[in-house]
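One structure is given below, encoded as structure tokens.
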There are 2 protein chains.
Amino acid sequence: MNNYQPVFALTRGQTVESIHFGAITVCDNQGNLLWHYGNPDTVTFLRSTAKPFQALPFVEAGGLEHFGLTARETALICASHSGTDEHVAVASAIQRKAGVTEDDLLCGTHPPYHQETAERLEAAGEEPTPNRHNCSGKHSGMLAFARMLGTPTADYVNPAHPVQQRILRTFAEMCGLPPEAVALGTDGCSAPNFAVPLRNAAQAYARLCDPSALPEKRAAACRKITHAMTSYPEMVGGPGRFDTALMRVGGGKILSKGGAEGYQGIGLLPGALGENSPALGIAFKISDGDARKKVRSAVALEILRQLGALSDVQMQTLASFGPRFPIYNWRKLQVGEGYPVFAVRDGE
Amino acid sequence: MNNYQPVFALTRGQTVESIHFGAITVCDNQGNLLWHYGNPDTVTFLRSTAKPFQALPFVEAGGLEHFGLTARETALICASHSGTDEHVAVASAIQRKAGVTEDDLLCGTHPPYHQETAERLEAAGEEPTPNRHNCSGKHSGMLAFARMLGTPTADYVNPAHPVQQRILRTFAEMCGLPPEAVALGTDGCSAPNFAVPLRNAAQAYARLCDPSALPEKRAAACRKITHAMTSYPEMVGGPGRFDTALMRVGGGKILSKGGAEGYQGIGLLPGALGENSPALGIAFKISDGDARKKVRSAVALEILRQLGALSDVQMQTLASFGPRFPIYNWRKLQVGEGYPVFAVRDGE
């Protein structure tokens with residue numbers, strides 16, 4: 001269990017009050033471990049960080065062309081969206097094209113992440129429907145894939161369903177693992193989710209961002225996904241969300257997808273670190289799940305800063321997410337500070 | 001920074017997904033370290049776990065008799081209360097007796113912890129006033145002490161104020177430390193707060209629960225405080241709060257006071273572990289601050305279970321707080337479990 005090391009400290013006065021632990025890996029698309037902190041073999045769930053790979057077999061099978069789905073809709077299939085009206089409209093469009101309805105979604109419901117939307121619904125006495133769920137795009141994609149394969153849509157989140165079997169196989173391949181080496185769990189949205197070592201998840205992100213060594217159809221599908229996500233970052237998250245802000249600043253060179261319980265995947269596309277720089281995949285976990293909701297983005301920015309992936313100007317644009325932040329009390333006096341406490345070190 | 005060890009795991013399927021780290025100490029009233037996990041010399045802030053000691057010099061100086069304060073009001077002075085109308089009424093009563101008003105409080109404001117009260121205020125468009133703040137009892141006590149000492153009430157949270165100086169000295173004595181060994185920080189409520197090694201905080205709790213070796217006036221004040229808190233546990237917390245529930249079940253033998261950022265103090269009074277058992281103090285910290293708001297109570301119950309301080313029936317009564325809990329997803333399917341992963345070991 002001691003896979004994790006201190007990654008983030010919070011002070012009060014001159015004294016450290018709290019410490020978050022984590023583990024970080026940076027890999028290339030061949031699986032070489034370039035940098036790490038904590039144990040790179042830490043096995044844990046990617047949660048929503050797996051979404052690009054859950055979309056991949058559908059895209060690879062020609063699903064976008066089959067249903068005439070746009071890049072914007074593709075981005076939503078890879079999203080943990082904020083449940084705004086715009087997100088709901090895009091989810092509905094995917095469902096219309098795929099010949100399914102919101103009622104077919106098995107993700108459950110939760111209030112929209114977007115605060116104003118949540119408050120508006122509540123004020124109107126309107127219950128959130130499944131399309132407001134952050135995973136409604138992913139589920140719409142799974143349903144579309146089921147329709148395309150001519151398999152039942154009723155039980156599409158069953159791990160034995162052909163859609164989930166294809167997803168597992170594709171995800172495992174991207175990680176450089178046999179499918180049986182991937183541990184399964186049920187996600188918050190009831191779809192199967194995957195636990196693999198951090199280094200394998202990092203490799204999968206590097207491959208997604210430079211798929212040139214993969215079979216042609218797989219490579220083309222990877223490019224469609226990274227293009228869709230980086231072109232429509234507001235579909236992948238929403239207003240004020242970290243993944244959205246980081247991909248906007250990244251200008252097509254940075255892929256970012258967070259997951260629940262403090263997981264984060266980031267892909268640096270070729271050239272992101274300067275001319276001819278290779279693609280890199282970053283996977284890390286805040287061990288406690290970051291219920292504070294401030295540590296993961298701060299750690300992500302510190303990794304990118306240390307790798308040289310973001311300029312001072314870019315860091316400034318993202319400063320509300322970290323890497324340091326002040327801590328205020330109920331009278332809005334600054335009483336402390338949060339800051340990263342790791343140095344990304346040379347590989348194993 | 002590696003003072004902490006894994007204390008609590010959360011699974012998904014058969015795989016551990018997240019880990020919380022912590023450090024735990026159990027001491028007697030002479031400062032002997034009886035049990036520990038992680039580094040007992042971990043220095044961090046007690047936050048609201050310090051409240052009984054912040055009340056202590058006031059009680060010791062005869063403040064209760066001076067103002068005619070009841071045990072119920074004393075309990076509120078040691079509280080992180082839920083801001084119900086009842087709590088506000090008791091805070092107001094203390095203020096009336098002390099000749100101060102709610103306007104004198106420097107704690108700031110936050111919505112009441114008690115959900116129904118918070119919702120009722122919001123529906124009525126009523127802004128929470130300082131008396132709803134969980135620390136309004138503590139601040140009322142500090143103001144009363146300032147009045148009693150004939151010192152200004154305007155700046156009573158200043159670390160140099162005589163009230164705060166007396167509190168610091170008394171707290172340090174209870175910890176077996178010189179005042180200059182206590183690190184200061186500003187609390188959420190703007191009062192000074194204290195960071196000391198966990199073992200010293202545990203000793204302070206043991207002394208509070210068995211003050212027989214202390215000077216007579218100090219000992220009597222300690223007994224008034226433990227009696228007040230264990231007699232009026234609903235004043236110390238509120239409906240559904242852990243400290244309240246644990247002290248109710250403890251039947252006068254268990255003192256419990258949580259603090260922000262995952263800190264917890266527990267005192268076992270003489271006889272709590274069986275006839276003639278000595279008083280024990282327990283202090284622990286969830287390193288990440290437990291923003292999940294479920295880990296601290298689960299860890300507390302596991303410590304008490306391992307120490308034999310709670311019977312099976314008592315554990316059953318408290319089962320909604322841990323030590324294990326199921327994890328559900330958005331469709332209310334159980335997808336995992338949380339459980340403690342430490343064994344309290346013999347001393348150093």
Side-chain angles (χ1 to χ4, degrees), chain A residues 1-6 8-21 43-45 47 106-110 130 133-135 183-190 192-193 195 260-263 285-295 327-336 341, chain B residues 1-6 8-21 43-45 47 106-110 130 133-135 183-190 192-193 195 260-263 285-295 327-336 341:
Chain A
M1 293 223 180
N2 264 334
N3 290 326
Y4 297 109
Q5 294 295 323
F8 200 83
L10 296 101
T11 61
R12 185 164 298 268
Q14 302 307 308
T15 306
V16 170
E17 178 167 27
S18 297
I19 300 272
H20 291 262
F21 288 69
V43 172
T44 189
F45 288 94
R47 306 296 297 276
L106 295 176
C107 51
T109 58
H110 64 68
H133 192 294
N134 78 89
C135 302
L184 294 183
T186 304
D187 209 337
C189 68
S190 298
N193 198 259
E261 288 289 326
Y263 203 97
K285 164 89 176 176
I286 308 300
S287 78
D288 57 83
D290 188 26
R292 197 186 292 277
K293 292 179 185 291
K294 298 191 77 167
V295 175
I327 298 167
Y328 297 101
N329 77 358
W330 293 115
R331 274 170 70 207
K332 304 196 182 9
L333 305 170
Q334 188 179 342
V335 294
V341 291
Chain B
M1 295 225 176
N2 265 334
N3 290 326
Y4 298 109
Q5 294 295 324
F8 200 83
L10 296 101
T11 61
R12 184 165 299 270
Q14 302 306 308
T15 306
V16 170
E17 177 167 29
S18 296
I19 300 272
H20 291 263
F21 287 70
V43 173
T44 188
F45 289 95
R47 307 296 297 276
L106 296 175
C107 51
T109 58
H110 63 68
H133 192 293
N134 78 88
C135 301
L184 295 183
T186 304
D187 210 338
C189 67
S190 297
N193 198 261
E261 288 290 326
Y263 203 96
K285 164 88 176 175
I286 308 301
S287 79
D288 57 84
D290 187 27
R292 198 186 293 275
K293 292 178 186 291
K294 298 192 77 167
V295 176
I327 298 168
Y328 298 100
N329 78 356
W330 292 115
R331 273 169 70 205
K332 303 193 179 19
L333 305 170
Q334 186 178 343
V335 294
V341 291

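The analysis underlying the following values was restricted to heavy atoms, covering all of them including side chains, and did not include hydrogens, waters or symmetry mates. Naming convention: chains lettered A, B, ... in sequence-line order (proteins, then strands); numbering from 1 in each chain.
Proximity to chain B is limited to the backbone of A:Cys107, based on heavy atoms less than 4.5 angstrom apart. Of the atoms belonging to A:Thr15, heavy atoms from both backbone and side chain fall under 4.5 Å from chain B. Only the backbone of A:Leu184 has a heavy atom closer than 4.5 Å to any heavy atom of chain B. Contact annotation for A:Ile327: neither backbone nor side-chain heavy atoms come within less than 4.5 Å of a heavy atom of chain B. The contact between B:Leu106 and chain A is made by backbone and side chain atoms together, counting heavy-atom distances below 4.5 Å. Within the 4.5 angstrom heavy-atom criterion, only side-chain atoms of A:Lys285, from C-beta onward, approach chain B.
Comparing A:Leu10, A:Asp288, A:Leu333 by how many heavy-atom pairs each has under 4.5 Å with chain B, the most go to A:Asp288. Ranked by heavy-atom pairs under 4.5 Å with chain B, the first of A:Val335, A:Thr186, A:Val295, A:Thr109 is A:Thr186.
Residue B:Gln334 places its CD atom among more than 12 non-hydrogen atoms of other residues, nucleotides or ligands, all under 6.0 Å distant.
The line from OG of A:Ser18 to OH of B:Tyr263 is 11.5 Å long, rounded to the nearest 0.5 Å. To the nearest 0.5 angstrom, A:Thr11 atom OG1 is 8.5 Å from B:Phe45 atom CZ. Rounding to the nearest 0.5 angstrom, the gap separating the OH atom in B:Tyr4 from the NE2 atom in A:His20 is 11.0 Å.
Between the side chain of A:Ser287 and the main chain of B:Ile19, a donor-acceptor pair closer than 3.5 Å is present.
The side chain to side chain donor-acceptor pair (under 3.5 Å) check on A:Asn193 picks up A:Asp187, with sequence neighbours excluded.
When all heavy atoms of A:Arg292 and B:Ala291 are compared, the closest pair comes out as N-CB, 3.5 Å. For B:Arg12 against A:Gly188, the heavy-atom pair with the smallest separation is NH1-N, 3.7 Å.
Side-chain atoms of A:Thr44 and B:Glu17 include no donor-acceptor pair closer than 3.5 Å. A:Ser190 and B:Asn329 share a donor-acceptor pair across their side chains, judged by distance under 3.5 Å alone.
In this pair, B:Trp330 and A:His110 present their aromatic rings tilted. The plane angle is within the 30 to 60° band.
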